[in-house]
Amino acid sequence: MKAMILAAGKGERMRPLTLTTPKPLLTAGGKPLIEYHLEHLREAGFRDVVINHAWLGDRIENTLGSGQRFGLNLEYSREGEPLETAGGIIRALPMLTNTGSDWFLVINGDIWTDFPLGALQPIEGQDAVLVMVDNPAHNPDGDFRMMPSGTLASDGPGKLTFAGISLLHRRLFQGLDDSAGKLGPILRRAMAQGRVAGRYHGGEWVDVGTPERLQALDQHLSAGRY
């Protein structure tokens with residue numbers, strides 16, 4: 001199974017930091033955010049990782065290279081103009097599924113977490129398995145509701161927040177092209193058919209979406225609190 005790190009966004013909420021540095025290369029705890037993902041993927045047993053990029057993408061390639069120093073083989077899906085999340089995944093599908101596995105892991109480039117990526121496993125009869133976390137202050141209403149069966153629903157009380165970590169099956173995108181837009185509507189359609197499962201994570205998770213959250217993460221990592 002391969003993995004994909006979503007790294008094509010312009011990081012507009014992170015400006016002015018992202019005017020000259022792509023968001024995945026912003027540092028916390030003395031290390032670029034994306035390097036935490038690469039280390040965790042290697043520890044989980046992944047060897048092949050696809051990274052999509054658009055804004056300042058050459059900086060990402062020049063910094064990470066072939067991935068050899070991380071013990072990984074890195075490939076790059078170059079978008080030019082950034083696609084939305086589903087479009088970016090669909091553009092990269094030939095890279096993600098060319099080794100025989102129809103499942104692949106996707107992780108947002110702008111989060112930090114201690115979730116053990118190797119613990120996420122495909123579930124028979126599902127098109128996606130999403131990691132869910134408790135709602136942070138900036139998303140108090142949550143995203144999806146976890147049902148007693150373990151599947152996710154798009155509506156209802158007690159919703160949790162999608163962590164930006166998922167296992168996806170290629171059939172989730174059947175009939176779509178890279179103009180498909182955002183991933184959310186595609187997931188909701190699959191949820192309506194009972195084909196999306198959830199996995200709760202009660203550990204550390206940070207959506208590094210603003211300079212203030214980046215600074216707080218940096219302080220926590222530098223102090224050894226995570």
Side-chain angles (χ1 to χ4, degrees), residues 1 3-13 23 37 52 79 82-93 96-97 101-117 119-210 213:
M1 188 190 301
M4 180 176 187
I5 301 175
L6 299 176
K10 290 186 176 181
E12 293 180 351
R13 291 181 301 164
K23 185 161 56 171
H37 289 337
N52 70 330
E79 296 182 4
L83 301 167
E84 294 284 3
T85 46
I89 294 168
I90 293 168
R91 173 78 65 87
L93 270 180
L96 292 167
T97 58
S101 174
D102 289 330
W103 285 94
F104 50 91
L105 184 144
V106 177
I107 184 166
N108 290 359
D110 58 355
I111 64 169
W112 186 93
T113 183
D114 63 356
F115 178 78
L117 298 174
L120 201 57
Q121 297 294 322
I123 298 177
E124 184 74 25
Q126 300 295 300
D127 291 343
V129 185
L130 310 186
V131 176
M132 307 299 295
V133 296
D134 293 322
N135 299 330
H138 61 271
N139 190 43
D141 297 328
D143 299 311
F144 307 123
R145 180 187 182 193
M146 189 175 294
M147 308 298 287
S149 64
T151 60
L152 296 177
S154 58
D155 297 307
K159 290 192 290 187
L160 297 170
T161 290
F162 174 38
I165 308 169
S166 59
L167 280 187
L168 305 178
H169 193 284
R170 68 177 304 160
R171 64 174 166 256
L172 182 68
F173 305 100
Q174 189 170 358
L176 301 174
D177 60 26
D178 62 13
S179 65
K182 296 182 179 181
L183 184 59
I186 296 171
L187 289 173
R188 288 184 174 88
R189 286 196 293 270
M191 286 177 195
Q193 300 171 358
R195 300 188 65 86
V196 179
R199 169 78 184 263
Y200 175 73
H201 175 55
E204 303 294 346
W205 177 84
V206 180
D207 173 8
V208 193
T210 65
R213 286 182 229 153

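All residue numbers refer to positions in the sequence shown, counting from 1. These numbers were taken from a predicted model, which means no experiment stands behind them.
- The heavy-atom pair separating Ile123 from Ala197 by the smallest distance is CD1-CB, 3.7 Å.
- Residues forming a side chain to side chain contact (heavy atoms under 4.5 Å, CB included) with Thr161 (at least two apart in sequence, or on another chain): Val133, Asn135, Pro136, Asn139, Asp143, Trp205.
- Shortest non-hydrogen contact noted between Met132 and Phe162 is CE-N, 3.6 Å.
- Using a 4.5 Å cut-off on side-chain heavy atoms (C-beta onward), Arg188 and Val196 make no contact.
- Taking CZ of Arg91 as the reference point, atom CD1 of Ile89 lies at 13.0 Å (rounded to 0.5 Å).
- Here the CG-NZ distance, from Asp110 to Lys23, works out to 3.5 Å after rounding to the nearest 0.5 Å.
- In terms of heavy-atom proximity, Leu120 sits nearest to Ile165 at CD2-CG2, 4.2 Å.
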For this session: Please step through salt bridge (charged side-chain N to carboxylate O under 4.0 Å, His left out) for the pair Arg171 and Asp102, ending with a clear verdict.
Result: CA-CA 8 Å; Arg171 64 174 166 256; Asp102 289 330; over 6 Å; no

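- Atom CG in Leu172 sits 9.5 Å away from atom CG in Leu93 (nearest 0.5 Å).
- A 4.5 Å side-chain heavy-atom check between Trp103 and His169 finds at least one atom pair inside the cut-off.
- Annotation for Met1 and Leu167: closest pair SD-CD2, 3.5 Å, computed over non-hydrogen atoms.
- Between Ile5 and His37 the shortest heavy-atom distance is CD1-CB, 3.8 Å.
- The distance from the CE atom of Met4 to the CG atom of Asn108 is 10.5 Å, given to the nearest 0.5 Å.
- Checking side-chain atoms of Asp207 against main-chain N and O of Ile111 turns up no donor-acceptor pair under 3.5 Å.
- Of the inter-residue distances, the one linking Thr97 atom OG1 with Phe173 atom CZ reads 11.0 Å to the nearest 0.5 angstrom.
- Judged as a side chain to side chain donor-acceptor pair (under 3.5 Å), the pairs with a partner in residues 190-199 (not counting sequence neighbours) are, in order, Asp127-Arg195.
- When all heavy atoms of Leu83 and Asp178 are compared, the closest pair comes out as CD2-O, 3.7 Å.
- At least one donor-acceptor pair closer than 3.5 Å links the side chain of Thr113 to the backbone N or O of Glu204.
- To the nearest 0.5 angstrom, Ser154 atom OG is 12.0 Å from Arg189 atom CZ.
- Side-chain N or O atoms of Thr151 include none that pairs as donor or acceptor with a backbone N or O of Gly194 at under 3.5 Å.
- For Phe115, the ring-ring contact (aromatic ring centres under 6.0 Å, His included) criterion is met by His201, not counting sequence neighbours.
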